[in-house]
Amino acid sequence: MTPEELSAAVKSALIEAIEAGELTLEIPGEIRVERPKSRDHGDWATNIALQLAKEAGMPPRELAESLAARLRQVDGVSTVDIAGPGFINITLDAAAAGLLAKTIVEAGESFGHTEVLAGHVINLEFVSANPTGPLHIGHTRWAALGDAIGRLLRASGAEVTNEYYINDAGNQMNVFANSVLSRIHGEDVSEGGYPGEYVKELAEEVLAARPEVRDMDRDEARPIVRELAYQAQLGQIKDTLDAFGVHFDVYFSEESLHSGGHVRGALETLRAQGHIDDREGAVWLRTTDFGDDKDRVLFKADGEPTYFAADAAYYLSKRERGFGEKIYLLGADHHGYVARLKAIAACAGDDAEKNIEILIGQLMSVKGAKLSKRAGNIIELADLIKWLGTDALRYTLARYPADSPIDVDPDLLQSKTNDNPVFYVQYAHARSRNAARNAAAAGVDQSSFDASLLTHETEEELLSHLGRFPSVVSSAAELREPHRVARYLESLASAYHGWYAACRMAPSVAEDGTAEPVTDLNRTRLWLNEATAQVLRNGLQLLGVSASERM
RNA sequence: GCCUCCAUAGCUCAGGGGAUAGAGCGUUGGUUUCCGGUACCAAAGGUCGGAGGUUCGAUUCCUCCUGGGGGCACCA
């Protein structure tokens, strides 16, 4: 029996009690059953009676008793107790609890997937690094978290587009092109340009493709150089993201907003909505109507659009493309943008609470990381991946909430002991594969399954952890908090190691070398082993971390 | 000045209004001659920064204070 089924049973009990006239109240949309902290409190517990006592106008314990009496009749429920102020503690039959192992193995990769976010069409924008240089440490955290959030949302039934906004417009691209041009001519990059060594590499790439640009007039060469260097740099960014296991469905060009007339179009749309002021020669969006601390300029007095104008046009584009929810993942250095982005949504006629969501992530650092001379004294993501590996990096970034600053310890990430969480979890999986190989060699197969045999304390513990997985995934998706999955995997790994230490899966071998016969207990435990491995794999997959057969 | 995030065990950190606040490390003491000891079990260790408030109940929600991180543009 899964917690979801139990939750449904509690709901039915509630409905029956209402129909029997024992109480009057509205049925809550969601009834949660949770795993109690103490095992003395049963397998699962719910505080529903405490929550509803006021509305029902009856003491919580009395309400709890009314529900408990019905729950005791449910198939698979062993005991139901009322505790403390009105908690309902439920213990399942060993067989009902153990059946979960089979359920998981049969569900395979889809175990943990739900439909809690079905119908949500989400645009998830993250990274969006400027295409004028390589990805660096500042992009790393959101690359890992954003990709994991996308996976969580999809696993929960949402339709998600991972999107990367390319800032390929504006003066910075000319500065970039000039820097490459300087390198093409063997000159130093002028003040304010891009000084990194990688610009030399880009210059070489450009020259290899179009040697003639060296001899062209610079004004003539600039657009060609700009385009080629831009394509080369964007290609490198995509390669790095690929190595990091991060996938984008759409790379959206800022330039296309300008050339396609969408920036001007956005102005007209917003003007029609009545939120535009013309003052001091400039065109302003009255964002203060919606909580921003000052109005924002869309078009400067010289007639040029601001970056903010493109932001507005981009938001409208997302809206027109049918995304009900637009999620932005921004670094803490961009938190000043929150109010104005929300104001754009409100000016466009959207609900700033529901249609736009802006997540702010704190910065990260890595102890002892070397600055890249190539990229101009920043720490490159590509270097971090080579140094620490995608798995260690992604897992570490995924295990902390985005709003806590982190300082990654490279020594820890490379250690192969308990204190390295990524190792601990991956080792649990590798150990399960090894155990399965040994079991197979000993003749243990999955030809029979008897859930009632899974009675050991550590088996009950392991099963209850396994049962939590779907709700961990769905709540992580709803809260946009992948770290819940990582923390869960650590507790699951711990329960697995505990079980492994206490319960043998392969038959024992006597002193004279003869093996005990294979029993149904051996076979059933193999199912449990496989179920755990499946959940570990599914969880790691959501974080973009691999699960290997051996370590 | 304004905005924002944070403050929980010696350290690094979890903790979506509920029961005795948890994990790893570190410390102390243990563990099955057999599936990987790269593991497991146990003990010690807390005024949840401070003060109010909401609530049957607050580490959790609200306000203020203290201490720390980050941020304020007709830049991109």
Side-chain angles (χ1 to χ4, degrees), chain A residues 32 34 36-38 40-41 45 47 50-51 53-54 59-60 83-87 89 130 132 167 169-173 175 254 280-284 293-302 304-308 310 331-339 360-363 399-407 409 412 415-421 423-424 426-428 430-442 444 458 475 478-479 481 483-484 486-488 490-491 493-494 496-511 513 515-516 522 525 529 550-551:
Chain A
R32 300 178 47 165
E34 293 182 321
K37 286 171 192 157
S38 163
D40 299 337
H41 297 143
N47 61 0
L50 288 161
Q51 286 177 0
K54 195 172 205 172
F87 294 102
N89 295 334
N130 285 348
T132 53
N167 298 123
N171 191 45
Q172 59 170 341
M173 291 307 290
V175 173
E254 179 191 356
E280 302 149 33
V283 181
W284 301 69
D293 56 355
K294 56 188 291 189
D295 291 335
R296 304 289 167 178
V297 173
L298 288 171
F299 288 85
K300 295 184 262 187
D302 64 7
E304 286 298 306
T306 61
Y307 190 84
F308 181 69
D333 52 336
H334 283 72
H335 97 262
Y337 286 45
V338 174
I360 297 294
Q362 294 297 311
L363 304 177
R399 85 182 281 268
Y400 296 98
D403 51 16
S404 68
I406 49 179
D407 186 18
D409 180 351
L412 184 64
S415 77
K416 298 193 168 183
T417 53
N418 255 356
D419 48 343
N420 180 7
F423 168 79
Y424 188 74
Q426 285 186 312
Y427 174 59
R431 183 178 230 185
S432 78
R433 303 328 309 134
N434 191 61
R437 285 190 292 271
N438 288 329
V444 180
T458 59
S475 65
E478 286 172 319
L479 295 166
E481 291 184 342
H483 77 273
R484 289 170 184 277
R487 300 287 169 162
Y488 164 80
E490 289 162 33
S491 71
S494 174
Y496 177 74
H497 286 309
W499 173 70
Y500 181 92
C503 297
R504 280 188 63 86
M505 186 162 54
S508 299
V509 178
E511 279 181 32
E516 297 283 320
N522 297 127
R525 281 180 172 167
N529 185 74
R550 289 188 173 81
M551 294 186 76

Does some side-chain heavy atom of A/Phe308 sit less than 4.5 Å from a side-chain heavy atom of A/Leu298?
-> yes

Establish, with yes or no, whether the OP1 or OP2 oxygen of B/A73 is under 4.0 angstrom from a side-chain nitrogen or oxygen of A/Arg296.
-> yes

Using only side-chain N and O atoms of A/Arg484, determine if any of them is under 4.0 Å from OP1 or OP2 of B/G16.
-> yes

Testing B/C34, B/G70, B/C74 for proximity to the side chain of A/Ala301, the answer is B/C74

Between A/Lys416 and A/Asp419, is the closest basic N to carboxylate O distance under 4.0 Å?
-> no

Using atom P of each nucleotide, how far apart are B/U28 and B/A44 to the nearest Å?
-> 16 Å

The side chain of A/Arg431 lies closest to which of these nucleotides: B/A39, B/A73, B/G15?
-> B/A39

Report the base-pairing partner of B/C13 (Watson-Crick or G-U wobble, both distances below 3.5 angstrom), or none.
-> B/G22

Do any N or O atoms from the side chain of A/Arg487 and from the backbone of A/Arg399 form a donor-acceptor pair under 3.5 angstrom?
-> yes

Atom-pair distance (NE2 on A/His483; C1' on B/A23), nearest Å | 13 Å

Look at the side chain of A/His335 against the base of B/C3 and say whether a donor-acceptor pair falls under 3.5 Å; ignore hydrogens and angles.
-> yes

Considering only B/G18, B/A39, B/C34, which nucleotide approaches the side chain of A/Pro85 most closely?
-> B/G18

Of B/G18, B/C75, B/G37, the nucleotide closest to the side chain of A/Tyr500 is B/G37

Which listed nucleotide (B/G37, B/G16, B/A19) is nearest to the side chain of A/Pro36?
-> B/A19

Under 4.0 angstrom, heavy atoms only, what part of the nucleic acid is A/Ser404 near: base, sugar-phosphate, or nothing?
-> sugar-phosphate

Grab the CG-P distance between A/Asn47 and B/G57 for me, whole Å please.
-> 16 Å

List the atom of A/Lys300, the atom of A/Thr306, and the distance in Å for their closest heavy-atom pair.
-> CG-CG2, 3.7 Å

What interatomic distance, in whole Å, is found between C1' of B/C11 and the corresponding atom of B/G52?
-> 32 Å

Output yes when at least one side-chain N/O atom of A/Lys294 is less than 4.0 Å from OP1 or OP2 of B/C2, else no.
-> no

Against the side chain of A/His497, the closest entry in B/A19, B/C40, B/C34 is B/C40

Answer yes or no: is there a side-chain heavy-atom contact under 4.5 Å between A/Tyr400 and A/Pro405?
-> no

In terms of side-chain heavy atoms of A/Tyr424, which of B/C40, B/A39, B/C74 is nearest?
-> B/C40

Candidates B/G37, B/A73, B/A19 - which lies nearest the side chain of A/Asn89 | B/A19

Verify the stacking flag for A/Phe87 against B/G18: centroid separation must be under 5.5 angstrom and the ring planes must differ by under 30 degrees.
-> no

Compare all side-chain heavy atoms of A/Thr132 with those of A/Met173 and state whether any distance is below 4.5 angstrom.
-> yes

Return the value, rounded to whole Å, for the distance between atom NZ of A/Lys54 and atom P of B/C56.
-> 4 Å

Report yes or no: do A/Tyr500 and A/Asn529 form a side-chain donor-acceptor pair below 3.5 Å?
-> no

May I ask you to say what A/Gln172 touches in the nucleic acid, namely base, sugar-phosphate or nothing, with a heavy-atom cut-off under 4.0 Å?
-> sugar-phosphate

Remember a base hit wins even if backbone is also touched, and classify A/Thr417 as base, sugar-phosphate or nothing at under 4.0 Å, heavy atoms.
-> sugar-phosphate

B/A58 versus B/G15 - spacing of their C1' atoms, nearest Å = 13 Å

Say you pick atom P in B/U60 and the same atom in B/U55; how far apart are they, in whole Å?
-> 16 Å

Cut-off 3.5 Å, side chains only: do A/Gln172 and A/Asn167 have a donor facing an acceptor?
-> no

With C1' as the reference atom in both, quote the distance from B/A9 to B/A43 in angstrom, rounded to an integer.
-> 14 Å

Whole Å only: how far is the OH atom of A/Tyr400 from the C1' atom of B/U8?
-> 15 Å

Any strand is fair game: report the nucleotide pairing with B/A39 by Watson-Crick or G-U wobble, both distances under 3.5 Å, or none.
-> B/U31

P atoms of B/C62 and B/G18, separation to the nearest Å = 15 Å

Rounded to whole angstrom, note down the P distance from B/U66 over to B/G50.
-> 15 Å

Watson-Crick or G-U wobble mate for B/C75, both contacts under 3.5 Å = none

Report which part of the nucleic acid A/Leu479 touches: base, sugar-phosphate, or nothing (heavy-atom distance under 4.0 Å, all strands).
-> base

With a 4.0 Å cut-off on heavy atoms, is A/Glu304 in touch with a base, just the backbone sugar-phosphate, or nothing at all?
-> nothing

To the nearest 0.5 Å, how far apart are CG in A/Asn47 and CD in A/Glu34?
-> 6.5 Å

Nearest of B/A19, B/C74, B/C5 to any side-chain atom of A/Asp403?
-> B/C5

Between CG of A/Asp419 and P of B/U12 the distance, given in whole Å, is 15 Å

Answer yes or no as to whether B/A19 has its base stacked against A/His41, where stacking requires a ring-centre separation under 5.5 angstrom and planes under 30 degrees apart.
-> yes

Nearest-Å distance for atom pair OH/P, residues A/Tyr496 and B/A23 | 22 Å

Considering only the C1' atoms, how many Å lie between B/C64 and B/U54, rounded to the nearest integer?
-> 15 Å

Rounded distance (Å) that lies between atom C1' of B/G69 and atom CD1 of A/Ile406 | 14 Å

Closest to the A/Asp333 side chain, choosing from B/C13, B/G71, B/G15 | B/G71

Applying a 3.5 Å limit to both distances, which nucleotide forms a Watson-Crick or G-U wobble pair with B/G67?
-> B/C6

Name the pairing partner of B/C48, where a pair is Watson-Crick or G-U wobble with both distances under 3.5 Å, or state none.
-> none

Let me know the distance between CG of A/Asn420 and C1' of B/A39, rounded to the nearest Å.
-> 15 Å

